[in-house]
Structures are given as C-alpha cells and as structure tokens.
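Report on one structure; see the data block that follows.
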Amino acid sequence: MTSERYNSRQAEPKWQKAWEDAGVFIARENTNEPKYFVLEMFPYPSGRIHMGHVRNYAMGDVIARYKRAKGFNVLHPMGWDSFGMPAENAAMENNVQPKGWTYENIDTMRTQLKSMGLSIDWTREFATCDVEYYGKQQEIFLDFLDQGLVERRKSVVNWDPVDNTVLANEQVIDGKGWRSGAAVEKRELSQWFLKISDYSQELLDALDELPGWPEKVRVMQKNWIGRSQGLQFSFELEDENANLLDEKLTVFTTRHDTIFGASFCAVAADHPISIKASQNSTEISDFRKECASLGTSEEAIETAEKEGVFLGIYARHPFDQSIRIPVYAANFVLMGYGEGAVFGCPAHDQRDLDFANKYGLKVTPVVAPSDDLNFTITDTAFIDNAGGNTVMINSAFLDGMSVSAAKKEIAKRFEELGTGEQKINYRLRDWGISRQRYWGCPIPIIHCDDCGLVPEKRSALPVILPDEASFDLPGNPLDRNDEWKQTSCPKCGKSAQRETDTFDTFIDSSWYYARFCSPKADKPVEADKANYWLPVDQYIGGIEHAILHLLYSRFFCRGLEKAGYLDVKEPFANLFTQGMVTHMTFKGENAGWVLPELAIKSGDKWTHKDTGEELEAGSIIKMSKSKKNVVDPEHIIEEYGADTARWYMLSDSPPDRDIEWTAAGAEGAWKFTQKLWRTVHLISQLPSQKDKSVPNEFSENAEGLRKICHQTLKAVGSDIESLRFNRSIARIHEFTNELTAKLNNCDGSDGDHFALFEGASILSHIIAPMMPHLAEECWNQLGNDTLVSLEPWPTVDESLIVENSVTMAVQINGKRRAEISVPKTMEKSDIEKVALELDNVKRNLAGLKVRKVIVVPGRIVNIVAN
RNA sequence: GCCCCUGUGGCGGAAUUGGUAGACGCGCUGGAUUCAAAAUCCAGUUCUUUCGGGAGUGGGAGUUCGAUUCUCCCCGGGGGCACCA
C-alpha cells in the first residue's frame with residue numbers, strides 16, 4: 001500500500017476555516033449545558049508570539065476542547081493586555097506612536113495565534129487600550145471611589161530626576177534609574193491608592209477556600225500578606241535630665257515577653273521623633289540625609305550596615321521606672337511597618353544584638369534554657385523559636401514563667417494600664433496606582449483650584465487618551481499636552497486641569513476576566529452574564545504572576561462585588577501555573593550570543609553555521625531575546641504545522657515544570673503525527689465499518705485491541721481532567737503502537753475490521769484536544785462528514801475494561817522471584833497455594849521455613865521465610 | 001535567616017491508598033527494506049555478573065511482610081519572602 005503523507009500546510013487552514021464557518025467556538029448563554037470558563041493569562045502584544053505563548057495556549061485549548069466534547073458550554077476568550085511601558089519605549093526608540101505600534105502588534109499576533117488553531121471565541125476579543133475597555137475601567141474607578149476603596153495620599157517614591165518620573169523598586173539599579181542612570185531621589189508625591197489592605201484578613205482567610213490553587217501560590221500570597229500578631233504599646237519619654245516629655249513612643253512587637261531585656265529603642269529616620277530631634281543636631285540631620293539617599297530597593301537595604309544615632313531621649317521602662325532606655329534613630333527600622341518604632345532586645349534578636357554590640361549597649365538575657373539559667377550571650381542571639389524547654393529570667397514578675405505565659409501576662413498588664421493593646425499587623429501595603437506615563441488609562445479626576453479634586457462626570461466618560469504623544473522631552477507627555485489637560489471643573493465649571501497620571505497597568509488585568517462575560521456591554525460588567533460565567537473554572541498562566549496579578553484580581557473582584565457588579569468574590573476557582581520553555585544557549589567569542597538555528601553540531605562540538613567559529617554550548621535557560629536562545633513559533637508552525645508544535649509543548653514534561661525545546665524533540669513530534677496519519681489512513685482503506693453494528697465474534701487480537709482502546713479512552717480523559725497532558729500523550733503513543741501492530745496482524749474478519757475502525761475513530765477523538773487539525777483530517781478520512789470538534793467525547797465501554805485475570809508478583813522476603821496469572825476472583829488461600837507451587841518459589845524456599853504469607857489480591861504475594 | 005518545591009537509566013520523565021521501579025518519548029545499538037540514502041518497520045537498551053544471581057530511585061538511619069512513596073538527619077538543585085520588630 002502507498003503511504004500517504006499528512007500535509008499540515010494544506011489541512012490546517014482548511015479546518016480553521018471550517019470551524020470558523022460553523023461558529024464552533026462561539027460561547028452561548030442560553031443553554032442547558034453546564035458552563036465552563038477556561039482562561040489563559042492574556043498576552044502583552046510585544047510583537048510576535050513566543051514558545052511560552054504556544055505552551056500556555058496549547059494547554060488551555062486542550063481543556064477547552066475536551067470540556068466542549070464532554071458537553072460543557074465553554075467560554076474560551078482572548079484579549080490583549082496592551083497598555084504599558086514597552087510601547088512607550090518603542091515609541092522613543094523608533095519614533096513611532098504607542099497606539100499604532102500596539103495595534104500593529106496585535107494584528108500580527110492575532111494572525112499567529114489563529115494559525116495555532118485555538119478554539120477561541122474571537123467575537124469577544126478586546127484590548128485593554130481600546131477606549132471601550134478603559135472607559136469602563138474609569139467608571140469602575142469612580143464606583144470604587146464611591147465605595148471608599150480609593151484614597152489619595154502622600155507617599156515616598158523613587159524619583160528619577162532626569163526622566164521626571166516615578167520608578168518602581170525593580171527599576172532602580174544600584175541607586176540609579178535603569179534608563180537615565182541618574183541617582184534616584186526619594187520624593188514625596190500625592191498618589192492614588194486602592195485600599196487593598198482593608199482586605200488583608202479576608203484575602204488571607206479566603207486562601208483556605210481555594211483548594212483548586214497550587215499550594216505554592218497560596219503560601220506565597222500568605223507570606224506576602226504577612227500577618228503578624230503582637231502587642232502595640234507606648235513608652236513614656238524623658239530628656240537627658242529625666243524630665244518627662246509630652247510625646248510618647250508607640251512601638252509594635254511580637255516579643256513582648258522580652259520587655260525586661262530591652263536595652264534600646266529604635267525609630268525610623270523618618271519618624272516624627274527623629275525629625276524633631278534632627279532640628280537641633282547636625283549629627284542627627286546628617287544621619288537622616290544619609291538614610292534618605294539610600295534607595296528603597298531591597299538590595300540597598302540589605303547591604304547597608306546597621307547604623308543609628310542617639311537622639312538624646314530616653315524611654316521609661318513601663319514596669320520599672322528606674323530603667324532608662326536610650327532612643328536611637330536607626331536605618332533598619334521601616335517607617336512603613338507597624339509604628340515605625342521598635343524596642344530592641346539584643347539577647348534574643350540577632351539584628352538587635354549586632355546593633356547593641358556596635359554601640360556598646362547592655363545585653364540582658366531574659367529567656368533561658370530550663371537547664372542552663374546562667375548562660376551568656378556574646379555574638380549569637382538566643383532565639384527560642386522552637387518553643388522548647390525555656391523559662392523567663394531577669395524579668396521581675398515574669399521570672400519562672402514560660403514565654404507564652406509571659407506574653408499573656410504582659411498583654412494583660414498593658415491593657416490594665418491602658419497604654420497597650422494586642423494588635424495584628426500586615427505586611428501588605430495599599431496599592432499605589434498612579435503612574436506618570438502616557439500609555440495607560442487616564443485617571444478620571446479633575447484638579448480645580450476652588451473645588452480641589454473632582455471626579456469627572458460619568459456622562460463625560462470616557463476620558464480619551466490623545467492618539468499622539470511627543471516623547472522628545474523627558475517626563476509624561478500628557479503633562480505637556482495643554483489642549484488635553486485643560487478642561488472645566490465638573491462642579492463649578494471654572495477652568496481646571498485633568499489629572500495627567502494614568503493607572504498602573506495591573507488594574508487593566510484585574511478585571512478583564514469579568515469583561516469577557518459581556519465584552520460589548522454598555523456597563524463595565526453585566527451582572528447576569530458575570531454571575532453565569534464566573535468564577536473562571538480554569539485559569540492558566542505563569543508562576544511569575546503568583547502574587548501581584550493574582551492578588552490584585554482577587555481584591556478587584558471583591559471591589560466589583562461591593563460596587564454591585566457581580567456576586568462573586570474569588571475570580572479564579574482553579575489555577576494552574578505552567579512551567580517555562582527553555583533552550584540551550586550558544587555563545588561565540590566573536591559572535592556573542594548566537595541563535596540556535598545558526599548553531600551546527602559536528603561531533604560533540606558546535607560551530608557557527610556561517611562563520612565556522614566554534615561555539616560554547618551554555619546552560620539551558622528560559623528562552624529570552626537577550627540570550628538569543630529563542631525559537632520562533634511561526635517558523636515551527638510553517639515547517640511542521642501547528643499540531644506538531646502543540647503536541648511537543650504538551651509531551652514529556654509535566655505541564656507545571658519547565659520544558660526544554662530541542663530540534664530532535666520537534667522532529668519526534670512531527671514523526672508521530674505522520675505515523676498516526678499513516679495508520680489511520682491505512683485503516684480507512686479497509687472495508688468501511690461506519691454505522692455497522694458490533695460483530696458477535698472477535699479474534700483474540702481484536703478483543704485485545706478493543707480493551708486497550710477503551711482503557712486508553714478512559715485514561716486519556718482522566719489525565720486531561722487532572723492536567724497531566726504528558727501522561728495522556730504517553731497513552732496515545734502506546735495505543736497508536738498497538739493499533740499499528742494489530743493492523744499488521746489483521747485477519748480480514750469483520751471483527752478485526754470493526755476493532756481497527758473503532759480504534760481509529762476513538763483515536764481521532766482523543767487526539768482532538770491536542771492536535772485538532774489532524775483529528776479532523778483523520779475523522780474525515782474515516783468517512784465522516786461532521787466535524788470531530790463538534791462530536792461528543794466517546795463513551796467508555798466499561799465491560800471492556802474489566803480484566804478477568806490478573807498478573808501478580810510473587811515475592812520472597814520482599815524480593816520478586818516469580819509472577820503468576822490468576823483469575824481476578826480467586827480466593828486468597830488458593831492464590832497462596834498456586835504461588836507456593838511455583839518452581840522458582842520452591843527453589844528459593846529450599847532450606848527455609850515459611851513463617852507467613854501475605855496475599856494482596858490483584859497486587860502481590862509476599863512469602864516471609866527464614 | 002525563614003518558608004516552599006525538587007532529586008529515579010545517556011536524556012525528558014512514568015509508577016491510584018506503601019504492593020512487579022524505569023510506562024511513554026528522545027537518544028543509542030543491531031537487523032529488515034533500498035543500488036544507495038531518506039523515510040519506514042522489527043528487536044534490544046538501569047548497572048553488574050562466574051548467567052545461579054547481585055545491586056539499584058541524592059546519602060545515612062528508621063517504621064513495615066514490603067518504601068521512589070511514610071518519619072528523622074545530612075547533601076545537592078530550584079523558587080518565594082526578608083532589616084517586618
């Protein structure tokens with residue numbers, strides 16, 4: 001027989017058109033089918049799709065197509081997260097407009113995604129830079145304002161004095177702006193904030209109600225929210241001459257049991273007490289300046305030495321007025337956390353100990369191991385975090401108590417004194433959403449000299465971003481666009497100015513899932529649609545969004561609920577974080593980083609295709625443009641077809657782990673598509689079994705094939721449902737091998753023909769989620785004139801799955817010695833008898849006495865002998 | 001420093017509740033087909049062996065009739081958080 005080749009270049013566009021013509025993937029609301037919303041994190045339109053996109057969307061598509069075949073009404077939309085810095089950077093570098101650049105990229109990437117054959121409902125597509133989208137976002141902002149979820153307040157930011165803009169912490173490198181290289185200043189600016197911290201406890205608690213999220217992500221969010229339970233209390237302060245001062249010093253601690261070990265207090269450089277003291281002391285004001293010059297980045301903080309300056313003030317010990325505790329300003333105390341002030345107990349905190357040793361402060365141990373009450377502390381603090389066998393010492397009325405009893409006692413006494421209370425602090429800060437950027441959603445606020453900050457009238461929304469901006473000067477182009485900026489006050493009508501800041505682009509992606517439910521609606525979100533579709537049943541994306549995007553979305557969904565848009569709190573019921581696509585890197589002394597397609601292997605060396613220069617094959621890391629270890633999906637789809645690319649992205653590696661792209665792997669996936677097609681094509685040449693009833697008799701071959709067929713069908717279904725695509729692919733390989741083998745041994749009987757035809761049909765179905773074009777081609781080749789994408793998932797014939805006999809291993813003292821095949825229903829005692837009669841068992845038991853025989857039906861026989 | 005994940009052939013990785021370790025794929029070896037090659041098909045492929053076996057899931061101990069799986073200690077790799085009081 002001739003072996004036919006599968007031509008993906010011809011087949012794929014053909015089936016894509018057939019799906020589109022039939023409207024196969026358009027989601028409907030008025031059905032009796034249960035709904036299923038599958039969503040992959042939408043892409044940023046950077047220019048071209050990359051392999052990470054292929055992997056992400058291939059996974060989502062498997063689920064969408066499978067669920068559709070299982071009878072769900074599926075919503076599987078696509079959009080573009082299209083505001084943000086890269087468009088402005090491109091504008092500056094290439095002298096283009098962000099808008100044009102962005103929409104061109106979207107056009108390119110849409111075409112590329114469509115070539116993947118994704119089962120997307122394209123009628124719902126939108127970009128966050130569409131005025132129809134960001135205008136609704138402005139409405140939501142006004143709603144949030146009405147609901148008290150928005151606040152304007154001053155905050156300290158990293159300011160780039162050359163680019164005239166705020167920088168995120170990540171954009172500050174060694175204290176300098178990442179673009180301008182200018183020394184970054186700390187500046188106080190008025191910014192808009194969303195009050196996410198009001199939801200700290202709720203966002204924390206609700207994590208426990210998200211069993212469909214990876215434990216890892218929940219832990220990361222938990223740490224990020226950072227709940228800590230402790231005591232907040234005030235010290236009385238006195239000057240050098242022991243005169244009581246008016247102000248008090250409020251501190252937060254989780255270790256109030258160590259109060260008698262306090263040997264200093266430390267406040268942040270920006271603390272009011274520190275500011276006041278600096279007015280009369282150059283030493284202190286110099287110290288404050290030094291602290292201010294330090295970046296707010298974590299690197300800067302970490303590398304700085306613990307330093308402080310005495311403020312000339314003492315705190316009175318709350319339980320022993322004779323103890324004076326010196327108050328320092330210190331660079332390691334953060335104004336943003338707790339009260340911006342701490343008491344230091346050097347004996348039981350390493351950082352406090354380092355500080356105390358540096359400034360010659362007292363070190364008094366107050367918690368001791370029960371069996372060594374006279375121990376001393378030199379360089380290492382004694383930290384009793386195990387809650388072990390310890391006891392309070394040197395602590396007046398606390399002596400002899402356990403740590404937890406001491407904490408309770410102190411809390412009680414402070415409450416009685418009325419100078420302290422138990423308190424919970426969170427690490428989570430409010431979300432600063434103002435950005436001094438052009439390419440974002442304008443904040444719908446107007447600054448009026450008389451009325452102050454006035455929200456834009458709803459009837460005047462959307463506040464439309466000007467189409468063009470000039471980037472010839474640093475700073476925000478909106479700020480220089482007078483025509484756009486000048487407006488009138490919605491309240492008094494006098495001339496006024498628009499807010500020229502735009503929203504953080506994380507806002508754009510915090511509600512897009514809800515907009516997909518009613519993408520054309522006049523309101524931002526239509527309640528009935530949102531309540532029908534939400535929460536997203538399966539959300540898929542990269543782990544890099546574990547905290548910010550996913551936490552913001554959880555908060556935003558609650559905000560939408562509060563504003564009355566929907567009745568859902570958690571936007572994503574199930575979350576899956578997929579791994580990255582990696583590739584080997586190549587580097588040449590002259591060529592620098594080299595693209596994989598230019599690296600040629602000869603023996604165990606790599607050389608440059610054009611220059612012949614020897615290349616060093618480097619580490620296998622995430623595909624990135626800078627390291628040039630990228631493979632363009634468009635080339636792969638052109639060469640092998642979308643199905644092959646999809647198949648490869650789903651094979652081998654578990655989807656949550658990284659996958660390495662290799663040329664050999666792509667080749668392998670391509671070979672498999674050809675092999676599968678060949679087998680199905682050959683089967684299609686046999687007498688057609690379409691619509692024929694099940695024959696009465698099957699050969700052993702045919703019976704065996706049918707069993708494997710239905711076992712595979714069942715396994716592939718459950719593997720897809722648990723997102724173990726690599727396993728379902730292994731099963732499909734196995735079954736295809738079996739089908740080919742049985743085809744070669746076909747005896748020409750009706751039974752054999754039927755089993756082969758049935759196998760090929762089911763194979764067409766089970767590959768459809770992964771390789772939809774090839775599936776259609778196979779389905780068509782088998783004489784069907786319907787679309788397999790519209791066909792229901794085949795039903796498993798459970799009677800074929802039940803095995804009558806079962807193979808069991810026979811062990812002697814835990815070592816495998818033999819194997820027996822017995823009827824599934826055989827009694828334990830009979831199995832034991834059969835096992836003991838085996839030659840190999842007898843031989844190995846020679847000279848030993850059987851002590852015990854363990855029989856686990858269907859699994860194992862273990863003979864214990866000595 | 002704290003928290004989490006992870007470690008299985010040459011490689012990616014399989015292994016319901018503890019029950020035949022290495023499914024499936026890649027690679028490699030041999031064979032068939034071919035004038036030859038590509039493609040395809042078949043067989044083999046953890047290591048070791050005196051061919052009876054023996055060893056083996058990062059290392060060490062433990063629980064168990066039985067451990068890749070559970071417990072403890074140690075080592076390697078990855079990630080998150082971090083002057084958080």
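Note on naming: letters A, B, ... go to the chains in the order of the sequence lines (proteins, then strands), and numbering restarts at 1 for each one.
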Between [X] and [N], is there a contact of a side-chain N or O with OP1 or OP2 at under 4.0 Å?
{"X": "A:N737", "N": "B:G25", "result": "yes"}
{"X": "A:R859", "N": "B:G18", "result": "no"}
{"X": "A:R657", "N": "B:G13", "result": "yes"}
{"X": "A:K222", "N": "B:C4", "result": "no"}
{"X": "A:R227", "N": "B:C84", "result": "no"}

What's the closest nucleotide to the side chain of [X] if the choices are [options]?
{"X": "A:R678", "options": "B:C26, B:C41, B:U20", "result": "B:C41"}
{"X": "A:D652", "options": "B:U20, B:C65, B:G25", "result": "B:G25"}
{"X": "A:N331", "options": "B:A39, B:C83, B:G19", "result": "B:C83"}
{"X": "A:V333", "options": "B:U20, B:G54, B:A85", "result": "B:A85"}
{"X": "A:N223", "options": "B:G80, B:G19, B:G25", "result": "B:G80"}
{"X": "A:I854", "options": "B:C84, B:G53, B:C65", "result": "B:C65"}
{"X": "A:R843", "options": "B:A85, B:U20, B:G52", "result": "B:G52"}
{"X": "A:K815", "options": "B:A55, B:C24, B:U20", "result": "B:A55"}
{"X": "A:V219", "options": "B:G12, B:A85, B:C3", "result": "B:C3"}
{"X": "A:R817", "options": "B:G54, B:G66, B:C83", "result": "B:G54"}

Self-check item: Plane angle bin for A:W677 and A:H681 - parallel if under 30°, tilted between 30 and 60°, otherwise perpendicular
Solution: tilted
[atom1] atom, [N] versus [M]: distance in rounded Å?
{"N": "B:A14", "M": "B:A82", "atom1": "P", "result": "32 Å"}
{"N": "B:U68", "M": "B:G19", "atom1": "C1'", "result": "13 Å"}
{"N": "B:C35", "M": "B:U46", "atom1": "P", "result": "35 Å"}
{"N": "B:G13", "M": "B:G79", "atom1": "P", "result": "16 Å"}
{"N": "B:G9", "M": "B:U29", "atom1": "C1'", "result": "16 Å"}
{"N": "B:G53", "M": "B:C73", "atom1": "P", "result": "40 Å"}
{"N": "B:G10", "M": "B:U17", "atom1": "C1'", "result": "34 Å"}
{"N": "B:U6", "M": "B:C72", "atom1": "P", "result": "15 Å"}

To the nearest 0.5 Å, what is the distance between CD1 on A:I708 and CG on A:L713?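 Reported value, rounded in 0.5 Å steps: 13.5 Å.
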Please state how far atom [atom1] in [X] lies from atom [atom2] in [N], giving the value in whole angstrom units.
{"X": "A:E667", "N": "B:A39", "atom1": "CD", "atom2": "C1'", "value": "11 Å"}
{"X": "A:W670", "N": "B:A39", "atom1": "CH2", "atom2": "C1'", "value": "8 Å"}
{"X": "A:H348", "N": "B:A85", "atom1": "NE2", "atom2": "P", "value": "17 Å"}
{"X": "A:Q221", "N": "B:C81", "atom1": "CD", "atom2": "P", "value": "12 Å"}
{"X": "A:I860", "N": "B:G66", "atom1": "CD1", "atom2": "C1'", "value": "7 Å"}
{"X": "A:L551", "N": "B:C81", "atom1": "CG", "atom2": "P", "value": "12 Å"}
{"X": "A:E660", "N": "B:G27", "atom1": "CD", "atom2": "C1'", "value": "13 Å"}
{"X": "A:D349", "N": "B:C84", "atom1": "CG", "atom2": "C1'", "value": "11 Å"}

- Hey, are A:Y337 and A:S228 close enough side-chain-wise for a donor-acceptor pair under 3.5 Å? yes
Would you indicate what [X] reaches in the nucleic acid, counting non-hydrogen atoms under 4.0 angstrom: base, sugar-phosphate, or nothing?
{"X": "A:S651", "result": "nothing"}
{"X": "A:N744", "result": "nothing"}
{"X": "A:N726", "result": "sugar-phosphate"}
{"X": "A:T662", "result": "nothing"}
{"X": "A:V856", "result": "base"}
{"X": "A:E734", "result": "sugar-phosphate"}
{"X": "A:R429", "result": "nothing"}

Who pairs with [N] - Watson-Crick or G-U, where each distance is under 3.5 Å:
{"N": "B:C65", "result": "B:G19"}
{"N": "B:U33", "result": "none"}
{"N": "B:C2", "result": "B:G80"}
{"N": "B:G44", "result": "B:C28"}
{"N": "B:G7", "result": "B:C75"}

- request: Taking the six-membered ring for Trp and the single ring otherwise, decide whether the centroids of A:H317 and A:F260 are under 6.0 Å apart.
  value: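 Between A:H317 and A:F260, the centre distance is under 6.0 Å.
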* Validation row, ring centre A:F355 to ring centre A:Y328 under 6.0 Å -> yes
Within 6.0 angstrom of [X] [atom1], more than 12 heavy atoms from elsewhere:
{"X": "A:K622", "atom1": "NZ", "value": "no"}
{"X": "A:K707", "atom1": "NZ", "value": "yes"}
{"X": "A:K358", "atom1": "NZ", "value": "yes"}

Nearest-nucleotide 5' precedence on RNA chain B, A:D352 against A:T740: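 Upstream on the strand: A:T740.
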Toward the 5' end of RNA chain B, which comes first, A:Q811 or A:I729, by nearest nucleotide?
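Looking at RNA chain B, the more 5' nearest nucleotide goes with A:Q811.
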Worksheet entry | Check: A:N862 side chain, B:C65 base, donor-acceptor under 3.5 Å |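 Counting by modelled atom types and ignoring angles, a donor-acceptor contact under 3.5 Å is found here.
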Note to self: Let's test your reading of the model: under 3.5 Å, does the base of B:C4 pair with the side chain of A:K216 as donor and acceptor?
What the structure shows: no
Per the glycosidic torsion and the 90° limit around 0, nucleotide B:G58 is anti
The glycosidic conformation of B:G56, counting syn as within 90° of 0 and anti otherwise, is anti
Under a 4.0 Å N-O cut-off, is there an ion pair linking A:E738 with A:K742?
yes
What I want to find out is whether A:E721 reaches A:R724 closely enough, with some N-O distance under 4.0 Å, to be called a salt bridge.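 No salt bridge links A:E721 with A:R724.
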